[in-house]
Amino acid sequence: MKENRPACTKTACLNISCKSFLTAYALCAVFHAPLDPSQYETAIDLCIASIYELLGAYDLKFLLLSILSAFCYGFAARRLEGKDCGGRSRTVLACLFALFLLLGQSYHEAGDSSLLFGSLVNFLKSALAFAGFSCLFHALTGLAWDALDSHSFQSGGKHFFTERAFSKSFLILLGAYLPFLLLAFPGNLCWDAIGQIEQVIGDAPYSTHHPLFHTLIMGGLVKAGEALFHSPEIGLFTYMLLQDAALAAALAATISVLSRRGAGFGLLLTMLLLYCLTPVYSNIASTALKDVPYSACVIVYVICLALLLERPERLRSRKFVLSFFSIQLGVILLRNNGLYVVLLAGMVSFFYLFRKYGLRERILCLFASFGGSALAARAILALLAFTCSASPGSMGEMMSLPFQQTARYLQLYQDEIDSQERDAIQAVLGDVGTVAAKYDPASADPVKALFDRTASAGDLASYLKAWLRGFARHPGTYFEAFFLHIYGWFTPGVANSIRYEADAYDAIRQGGLFPGAEKLLIFYYRFAGRTPLGFLENIGLGVWALFFLTFYQKGHGQAAALCAGAPLWVSLLICMASPCFFGHPRYAFPILFTLPFLYGFTLTLAPAARKAARK
């Protein structure tokens with residue numbers, strides 16, 4: 001045994017050295033477009049330039065990163081020795097993170113995958129960087145996994161949140177958000193909110209493009225402020241107070257529920273500080289936005305769902321069923337795609353609960369908890385649309401991705417389409433030349449705006465046939481358009497502004513409580529994004545946290561907690577189908593705002609259940 005130790009030590013040192021070199025290489029790598037052979041006089045010159053490109057630079061930065069990486073890997077090896085910490089699942093997770101990072105960098109800088117796969121040199125370079133990032137993320141996720149496993153997040157005694165946790169948290173959160181709202185008086189408006197208000201005050205016809213239920217609430221309060229106080233600003237500020245109260249109440253509920261589960265003071269304080277200090281919370285608290293009350297409902301919905309899946313007998317409580325039913329109504333009424341969140345997450349939950357009930361209770365579970373709320377919400381929305389004579393939303397809202405793929409295809413291969421395909425595309429989007437010219441990799445809105453609302457179901461079917469024929473010819477183009485459309489949701493390296501800054505709106509005074517107040521807020525939020533606080537509201541990092549939590553739950557056999565995260569995965573699919581990610585982080589609010597509770601719920605399982613899950 002003693003003779004094998006030096007050999008083992010040498011092997012470990014060599015392993016750490018190789019990982020450190022690859023990690024430093026990955027962190028220092030600078031990717032460029034593929035080398036152009038025509039720029040070099042001879043093949044030898046091209047070969048030398050390719051070798052230089054592949055090797056990179058080995059300067060002081062590289063040396064320091066190598067040393068830091070070696071310390072990291074050495075510490076991880078000692079800390080994780082003899083521990084599983086996810087096993088193969090952690091390896092898969094680390095590789096996914098490395099791939100997301102590299103693909104995101106390529107699409108962000110070049111608009112395609114050429115920085116990784118455009119040439120043999122780029123491919124080899126990206127392969128080395130992939131290995132380095134995979135090693136790094138494997139070690140970091142292992143340390144994070146071990147940290148969660150080795151600490152108790154429950155408390156054995158009383159603390160600040162033991163009694164009246166909801167009231168205390170609610171008042172603290174309101175106190176944290178109110179100064180920002182006062183500075184932004186009567187409230188910051190985005191374009192969606194302006195469009196909704198115009199429908200109620202009569203400047204635009206009613207439409208179900210935005211959730212009509214929310215339109216009537218926000219626009220109704222603005223109209224009431226004008227009628228009662230001759231001040232639409234008072235009406236908007238009243239709505240903002242209600243919106244802030246709803247968000248604060250939902251966040252306070254997460255702390256209250258975890259407190260009743262015996263969560264420790266440190267965990268609850270961390271969550272409260274996260275809610276108070278992360279810029280996105282106070283930012284949207286001062287912005288009129290449908291996604292704020294919707295996200296508040298999703299938070300409470302996930303709380304109810306988690307509690308139900310943990311203890312299915314709660315479904316026998318009429319109070320619980322009524323609360324669960326009502327909150328699902330809110331999710332559907334406050335955002336059009338909330339219906340998909342409830343139905344898809346409901347299906348996952350129903351199949352999880354299926355084996356725990358008899359036939360009668362299965363039917364009750366399906367209808368009372370999931371299907372009934374969807375039917376009731378659709379009936380309410382239909383009644384509101386009929387009463388307001390609201391025009392239906394555009395079918396084009398659901399087709400951002402195929403429209404983007406068609407536009408990119410037409411930019412590159414317009415000459416290849418035949419007359420039948422041209423007619424099919426033009427029946428839905430108009431002139432193919434205009435479609436190609438309107439293509440914007442960062443947003444589907446310019447192409448989507450070309451959608452002809454009078455297009456029939458037959459026209460859409462013909463368009464989809466043309467879309468499929470284009471995919472059969474050039475699938476690579478379609479995949480490029482797809483990744484360009486979604487990469488920002490998975491890449492922490494992509495900055496995404498949280499602050500919504502619309503132009504002046506004549507019907508309501510904006511600009512803040514005093515001249516320059518809004519500029520101070522904008523400066524603060526933009527500066528905060530350059531500090532570590534910006535990481536807390538980074539969309540890509542939030543999605544990575546969701547991936548890690550899911551693998552952690554799966555590794556510990558926590559099926560109930562795993563299924564409770566279904567609404568967040570549905571929300572991620574909605575993000576991917578949305579028009580864009582630049583400037584529209586609001587689509588990911590349900591993910592960002594609910595993750596702290598899901599982590600707390602996972603880490604505060606009953607000790608017996610957690611011990612059994614680890615086995």
Side-chain angles (χ1 to χ4, degrees), residues 174-175 177-249 280-297 330 333-336 380-381 383-385 387-391 393 498-522 524-525 583-584 586 589:
L174 276 185
Y177 300 156
L178 190 58
F180 293 92
L181 177 57
L182 291 175
L183 281 175
F185 180 90
N188 181 41
L189 287 173
C190 71
W191 284 116
D192 283 359
I194 292 174
Q196 290 176 269
I197 292 172
E198 287 181 337
Q199 292 181 31
V200 179
I201 65 178
D203 291 345
Y206 281 106
S207 168
T208 60
H209 174 71
H210 300 294
L212 193 56
F213 182 76
H214 179 261
T215 296
L216 292 173
I217 293 175
M218 181 170 62
L221 287 172
V222 172
K223 190 173 183 179
E226 175 65 35
L228 297 176
F229 305 103
H230 304 290
S231 173
E233 291 80 16
I234 292 179
L236 177 61
F237 188 71
T238 302
Y239 166 77
M240 295 300 302
L241 289 173
L242 293 175
Q243 175 180 279
D244 282 15
L247 179 62
V280 63
Y281 291 99
S282 60
N283 190 343
I284 64 155
S286 61
T287 302
L289 203 61
K290 61 190 175 188
D291 300 86
V292 179
Y294 167 72
S295 297
C297 283
L333 292 175
L334 288 170
R335 216 185 197 296
N336 293 336
I380 293 172
L381 291 173
L383 179 62
L384 291 177
T387 304
C388 298
S389 300
S391 60
I498 299 293
R499 182 72 178 175
Y500 288 90
E501 302 166 17
D503 291 337
Y505 179 46
D506 294 336
I508 299 176
R509 181 189 69 82
Q510 293 187 84
L513 186 63
F514 54 84
E518 188 177 46
K519 293 182 179 179
L520 290 176
L521 288 175
I522 292 174
Y524 166 72
Y525 288 118
H584 289 283
R586 57 191 176 89
F589 283 172

- request: Quick one: list whatever passes side chain to side chain contact (heavy atoms under 4.5 Å, CB included) with Ala193, sequence neighbours left out.
  value: Leu189, Cys190, Met218, Ala288
- request: Could you tell me the separation between the CG atom of Leu216 and the CG atom of Leu333, rounded to the nearest 0.5 Å?
  value: 11.0 Å
message: Using the side-chain hydrogen bond (donor to acceptor under 3.5 Å, both in side chains) criterion, which residues pair with Asp192? Sequence neighbours excluded.
response: Arg586
task: Any pair with a residue in residues 205-217 that passes salt bridge (charged side-chain N to carboxylate O under 4.0 Å, His left out), sequence neighbours left out, goes on the list, sorted by first then second residue, please.
output: none
- request: Begin with the C-alpha distance, continue with both residues' side-chain angles, and end with the deciding distance and a verdict on side chain to side chain donor-acceptor pair (under 3.5 Å) for Thr215 and Tyr206.
  value: CA-CA 9 Å; Thr215 296; Tyr206 281 106; over 6 Å; no
statement: Residues at least two apart in sequence or cross-chain that pass side chain to side chain contact (heavy atoms under 4.5 Å, CB included) with Leu241, listed by chain then number, are Leu178, Leu181, Phe237
task: Just jot down the side chain to side chain contact (heavy atoms under 4.5 Å, CB included) partners of Glu198, sequence neighbours excluded, or say none.
output: Ile194, Asp203, Ala204, Tyr505
query: Rounded to the nearest 0.5 Å, how far apart are CZ of Phe589 and CG of Asp291?
result: 6.5 Å
message: Are the side chains of Arg509 and Phe185 in contact, using a 4.5 Å heavy-atom criterion?
response: yes
- line: Value for CG (Asn283) from CG (Leu289), rounded to nearest 0.5 Å, stands at 9.5 Å
- request: Mind checking side-chain hydrogen bond (donor to acceptor under 3.5 Å, both in side chains) for His209 and listing every partner two or more places apart, or none if nothing turns up?
  value: none
- line: One should read off an interatomic distance between Asn336 CG and Leu381 CG, to the nearest 0.5 angstrom, of 7.5 Å
task: Not counting sequence neighbours, list each pair that qualifies as a salt bridge (charged side-chain N to carboxylate O under 4.0 Å, His left out) and has a residue in residues 216-231.
output: none
message: As an exercise, state the distance from CG of Leu247 to OH of Tyr294, rounded to the nearest 0.5 Å.
response: 14.5 Å
field: Minimum heavy-atom distance Asp244-Ala285, with the two atoms named
entry: OD1-O, 2.6 Å
message: By the side chain to side chain donor-acceptor pair (under 3.5 Å) test, which pairs, at least two apart or in different chains, include something from residues 231-241?
response: His214-Tyr239, Ser231-Glu233, Tyr239-Gln243
field: side-chain hydrogen bond (donor to acceptor under 3.5 Å, both in side chains) partners for Ser295, two or more places apart
entry: none
message: So, taking the atom named CD1 in Ile217 and the one named CG in Leu242, what distance separates them when rounded to the nearest 0.5 Å?
response: 9.0 Å
- prompt: Is it true that the side chains of Tyr177 and Ser286 contain a donor and an acceptor less than 3.5 Å apart?
  reply: no
field: Close side-chain approach of Pro232 and Ile508, heavy atoms under 4.5 Å
entry: yes
statement: Residues passing the side chain to side chain contact (heavy atoms under 4.5 Å, CB included) test with Ala385, sequence neighbours excluded, are Thr208, Leu212, Ala390
statement: Only one of Gln196, Gln199, Lys290 passes side chain to side chain donor-acceptor pair (under 3.5 Å) with His210, and that residue is Lys290
Any side-chain heavy-atom pair of Val280 and Tyr525 under 4.5 Å: no
query: Is there a side-chain contact between Thr287 and Val292, using heavy atoms and a 4.5 Å cut-off?
result: no
